[in-house]
Every structure is written in C-alpha cells, then in structure tokens.
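Here is the naming used below: chain letters follow the sequence lines, and residue numbers restart at 1 for every chain. Below, all heavy atoms of this structure are taken into account, side chains as well, without hydrogens, waters or symmetry copies.
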Number of protein chains: 2
Amino acid sequence: MDRVRTEMEMKGLLETFQERARALGVKTTPQRLAVYRELALRRGHPTVEEIYQALKREMPGLSLATVYRTLRYLEEMGLVRKAPSIDDKMRYEVELGAHAHFVCRNCGAILDVPLDCGACPQLQRWVEEGEVELEECQLIIYGLCKGCKG
Amino acid sequence: MDRVRTEMEMKGLLETFQERARALGVKTTPQRLAVYRELALRRGHPTVEEIYQALKREMPGLSLATVYRTLRYLEEMGLVRKAPSIDDKMRYEVELGAHAHFVCRNCGAILDVPLDCGACPQLQRWVEEGEVELEECQLIIYGLCKGCKG
DNA sequence: ATGGTTGCAAACGCTTTGCATAACG
DNA sequence: CGTTATGCAAAGCGTTTGCAACCAT
C-alpha cells in the first residue's frame with residue numbers, strides 16, 4: 001500500500017512506455033517523459049494540477065496547459081488512463097489492466113484493487129439474455145484506509 | 001428498463017419524500033417538490049440542467065441556481081443521491097439503496113443494477129486484516145444497451 | 001523548410017455565491 | 001416579525017483553445 005514506486009518498478013514502466021510510444025509513433029519529448037514519469041511515480045492517482053506542481057520545480061518553464069494536453073493525448077494513445085474523479089478534478093493513472101479503486105473518505109488516498117468481476121447476477125442475466133453488451137467496469141469503493149480508521 | 005416511472009411508483013416515492021422531509025424539518029417548497037418530482041420521474045439520472053429545462057415549462061420563474069441549491073441541500077439531508085458523472089456534469093438520483101450503474105457508451109443511458117458485492121478477494125482480505133474499513137461501493141459498468149448494440 | 005509541440009493568455013462551461021426580494025411559519 | 005428560500009447576475013474554478021514562438025527532423 002505504498003504511495004510511491006520503487007526504482008525497479010519505475011525502470012520497467014518507463015522502458016515499456018518508451019517502447020510503446022515508439023511503436024505508436026508518439027514523440028517522447030522531455031515534457032511528455034516528465035509527465036509520464038511523475039504520473040508513474042505516484043500510486044495516488046494525482047490530479048493534473050498536482051503533476052504540474054511537482055514538475056514545475058525541475059522544469060520551471062512548464063505550462064499547465066501542456067500537462068493537460070499531454071495527458072489527454074497519452075490517454076487517446078492508450079498509454080495512460082483516466083482515473084475516477086473523486087473531487088471533480090481530472091486524475092490519471094498508468095495502470096492499464098482492469099482494477100477497482102479504493103478511495104479513503106478521510107485522506108482521499110486512492111488505492112488500486114485487483115478486480116474479479118461477476119458481482120451482479122442481474123447484469124449477468126442481462127448479458128445472457130442479450131439485453132446489454134459489456135465493455136468495461138469501473139468500481140469505486142469508499143471507506144477509510146489504514147492510517148485514517150480508528 | 002423503462003426510462004420513466006409509473007404513476008403508482010411516483011405516488012409512493014412522493015409520499016415517502018414528504019414524510020421523510022417533514023421528519024427532517026426540510027421545508028417542502030413548490031420548487032423543492034417540483035425538483036424532486038422531476039428527478040423521481042426519470043430513471044435516467046438526469047443532469048441539473050436537464051431537470052431545470054424540464055421544469056421551466058411549468059415554472060417559468062424557476063432559476064437554475066435554485067435547482068443546484070435544492071439538489072445539493074436534498075443530498076445533504078439524505079433525500080437524494082449524487083449519481084456518477086459520466087460527462088463531467090452533475091447528476092442526481094432518488095434511489096438510496098446500494099446499486100451499480102450500467103452506462104451505455106452509445107446513447108448515454110444510465111440503468112440501475114442490483115449489486116451483490118464481494119467481487120474483490122483482495123479487498124476482502126484487506127478488510128479481514130484490518131487494513132481498510134468499507135463504507136460504500138460505486139460500480140459503473142460501460143457497454144451498449146439493448147437499443148444501441150447491433 | 002515543415003510539421004508537430006510548447007507557453008501564454010484568453011475563452012469556455014459548469015457550478016457556486018452575494019445580495020435584494022419574496023415566501024413561509 | 002424573523003427566518004429561510006428564491007431569482008438574478010456576477011464570480012469562481014477547472015479545463016480547453018487560439019496563436020505566436022519554438023523545436024526537431
């Protein structure tokens with residue numbers, strides 16, 4: 001349940017990112033690399049503003065608009081994903097696999113939770129009967145994390 | 001999977017609303033009743049603007065700010081709930097029990113799905129080990145509804 | 001040279017707020 | 001009467017966009 005990633009994890013993520021970007025024809029400019037790096041570093045599903053603030057130190061000229069544009073573009077390219085908006089601010093994440101989100105009501109921490117779907121008998125019935133066709137699930141669980149509960 | 005409610009359903013919902021409002025000391029002004037009624041009428045989890053537009057016909061003087069304030073207030077009082085935001089617009093619903101939301105990627109329809117939680121072995125382990133404490137689940141399923149799939 | 005990327009500032013859309021008026025108990 | 005709700009317009013906030021400068025091929 002750590003909030004930041006180890007160096008080893010980061011190395012793997014960044015390498016995969018560069019490879020996939022090259023394959024997709026996505027230029028890896030210093031700004032894009034920095035944004036992806038900062039996003040990957042944090043497990044906390046940061047807001048765009050948080051990423052911008054963190055990067056401004058090392059990249060004083062960086063513009064907030066660039067961070068917005070970069071994240072939108074990387075999402076279109078399938079290199080990052082939108083995370084659920086807890087407070088009406090845009091959040092992103094680098095995890096691309098299916099997973100749920102645990103949100104601490106107290107401190108706002110957002111943790112990834114492996115998801116083993118099939119919780120909705122009604123929904124399964126609908127699928128079987130051809131009523132709906134499923135594409136994606138987004139599960140958000142609210143509660144209190146270890147640090148915040150009594 | 002109907003989008004509007006029957007008269008009988010509406011009658012029950014409105015009566016319950018009035019009772020609960022009285023018990024909570026919430027004034028049932030014409031505007032508040034109208035907003036609740038319009039919200040209850042639609043299963044589609046309307047946006048604030050949609051409710052406002054629908055009511056303006058019968059209440060020409062109604063203000064959008066009042067609709068926003070009313071819904072926020074009713075939510076604080078536990079009489080309505082925020083629905084998941086599909087398009088960064090505020091949505092509300094009258095259903096108070098636990099349920100998931102099925103969202104049609106094509107037409108934007110939002111359907112309620114009874115929820116039988118327990119889909120996350122990892123989460124259950126965390127609860128057992130005292131790592132987290134659960135309060136509420138919000139499950140959004142994206143896909144295509146009957147009318148939109150092939 | 002040329003297409004794509006960036007920074008800045010202005011614009012945008014949704015939501016909230018300040019204030020005077022009106023409604024309610 | 002005093003309190004609370006309403007309507008209107010203005011402000012607020014997060015996000016997007018237009019444009020000129022810039023960069024890399």
Side-chain angles (χ1 to χ4, degrees), chain A residues 17-18 21-39 45-77 79-93 108, chain B residues 17-18 21-39 45-77 79-93 108:
Chain A
F17 174 72
Q18 303 240 35
R22 197 175 317 125
L24 290 163
V26 170
K27 282 190 198 164
T28 52
T29 66
Q31 287 90 339
R32 287 180 181 168
L33 271 176
V35 166
Y36 184 88
R37 224 189 114 274
E38 190 61 37
L39 182 62
H45 308 73
T47 63
V48 180
E49 179 74 33
E50 280 165 357
I51 295 174
Y52 169 65
Q53 289 300 337
L55 289 177
K56 239 190 0 185
R57 289 176 233 146
E58 54 189 90
M59 273 187 134
L62 182 67
S63 150
L64 180 56
T66 296
V67 182
Y68 273 106
R69 273 192 287 232
T70 297
L71 288 166
R72 180 156 35 113
Y73 178 60
L74 294 183
E75 202 232 330
E76 277 164 20
M77 296 291 106
L79 293 167
V80 305
R81 259 169 74 173
K82 271 199 173 131
S85 171
I86 300 311
D87 48 9
D88 295 314
K89 289 176 194 164
M90 275 191 155
R91 292 169 182 277
Y92 287 89
E93 62 181 337
Chain B
F17 174 71
Q18 304 241 35
R22 199 176 317 126
L24 290 163
V26 170
K27 282 189 201 167
T28 53
T29 65
Q31 287 89 339
R32 286 180 182 168
L33 272 176
V35 166
Y36 184 89
R37 223 189 113 275
E38 191 60 38
L39 183 61
H45 309 72
T47 64
V48 180
E49 180 75 31
E50 281 165 357
I51 295 175
Y52 169 65
Q53 289 299 337
L55 289 177
K56 238 190 2 185
R57 291 176 232 145
E58 52 188 273
M59 274 185 133
L62 182 67
S63 152
L64 179 57
T66 296
V67 182
Y68 272 105
R69 273 191 289 233
T70 297
L71 288 166
R72 180 157 33 114
Y73 178 60
L74 294 183
E75 202 232 331
E76 278 165 19
M77 296 290 106
L79 292 167
V80 305
R81 260 168 75 172
K82 271 199 173 128
S85 173
I86 301 310
D87 48 9
D88 295 315
K89 289 176 193 166
M90 275 192 155
R91 292 169 183 276
Y92 286 89
E93 61 182 338

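- No donor-acceptor distance shorter than 3.5 angstrom exists from the side chain of A/R91 to the backbone of A/V48, with no hydrogens or angles considered.
- A/R32 places a side-chain N or O within donor-acceptor distance of the main-chain N or O of A/K27, the cut-off being under 3.5 Å.
- The backbone N or O of A/E50 lies less than 3.5 Å from no partner atom in the side chain of A/Q53, so there is not a single donor-acceptor pair.
- Between the CZ atom of B/R69 and the CG atom of B/L71 there is a distance of 12.0 Å, given to the nearest 0.5 Å.
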Short heteroatom pairs, N/O only, protein and nucleotides 12-16 of chain D, under 3.5 Å:
unit_1, atom_1, unit_2, atom_2, d
D/dT15, OP1, A/M90, N, 2.5
D/dT15, OP2, A/Y68, OH, 2.2
D/dT15, O5', A/Y68, OH, 3.0

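- In this structure, A/Y73 and A/P60 both approach DNA chain C, and ranking their closest nucleotides by distance from the 5' end singles out A/Y73.
- Atom-to-atom, CG of B/L71 to C1' of C/dT16 comes out at 14 Å; the value is rounded to the nearest Å.
- A straight line from CD1 of B/I51 to C1' of C/dC14 spans 15 Å, rounded to a whole angstrom.
- Protein atom CD of B/E76 is 10 Å distant from nucleotide atom P of C/dT16, rounded to whole Å.
- Looking at A/M90 and A/T47, their side chains never come closer than 4.5 Å, going by heavy atoms from C-beta outward.
- A/Q31 has a side-chain polar atom (N or O) that falls below the 4.0 Å cut-off from OP1 or OP2 of C/dG7.
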| Worked verdict on B/T70 versus B/T29 for side-chain contact (heavy atoms from CB on, under 4.5 Å) | CA-CA 10 Å; B/T70 297; B/T29 65; over 6 Å; no
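- Between atom OH of residue B/Y52 and atom OG1 of residue B/T66 there is a gap of 9.0 Å, rounded to the nearest 0.5 Å.
- Set against D/dT6, C/dT6, D/dC8, the side chain of B/S63 has D/dC8 as its closest nucleotide.
- Between B/Y52 atom OH and C/dT16 atom C1' there is a gap of 16 Å when expressed in whole angstrom units.
- At whole-Å resolution of the value, CG in B/L33 and P in D/dT6 are 11 Å apart.
- If one axis is set at each end of the helix from C/dA1-D/dT25 to C/dG25-D/dC1 from five pairs, those axes are 30° apart, to 10°.
- At whole-Å resolution of the value, CG in B/L55 and C1' in D/dG7 are 15 Å apart.
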| request: Give the C-alpha distance, both sets of side-chain angles, the deciding distance and a yes or no for side-chain contact (heavy atoms from CB on, under 4.5 Å) between A/F17 and A/V80. | output: CA-CA 9 Å; A/F17 174 72; A/V80 305; 5.5 Å; no
| task | Could you please spell out the steps behind the side-chain contact (heavy atoms from CB on, under 4.5 Å) verdict for B/Q18 and B/T28? | result | CA-CA 7 Å; B/Q18 304 241 35; B/T28 53; 3.9 Å; yes
| said: The test is side-chain contact (heavy atoms from CB on, under 4.5 Å); show your working for B/Y92 and B/H45 and say whether it passes. | reply: CA-CA 6 Å; B/Y92 286 89; B/H45 309 72; over 6 Å; no
Please tabulate the protein-to-nucleotide N/O contacts below 3.5 Å involving nucleotides 21-25 of chain D, giving atom names and distances.
none

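- Positionally, the nearest nucleotide of DNA chain C for A/P30 lies more toward the 5' end than for the other of B/T29 and A/P30.
- Although no hydrogens or angles enter the test, the distance criterion places no donor-acceptor pair under 3.5 Å between the side chain of B/E58 and the main chain of B/L55.
- Between B/K27 atom NZ and C/dA22 atom C1' there is a gap of 12 Å when expressed in whole angstrom units.
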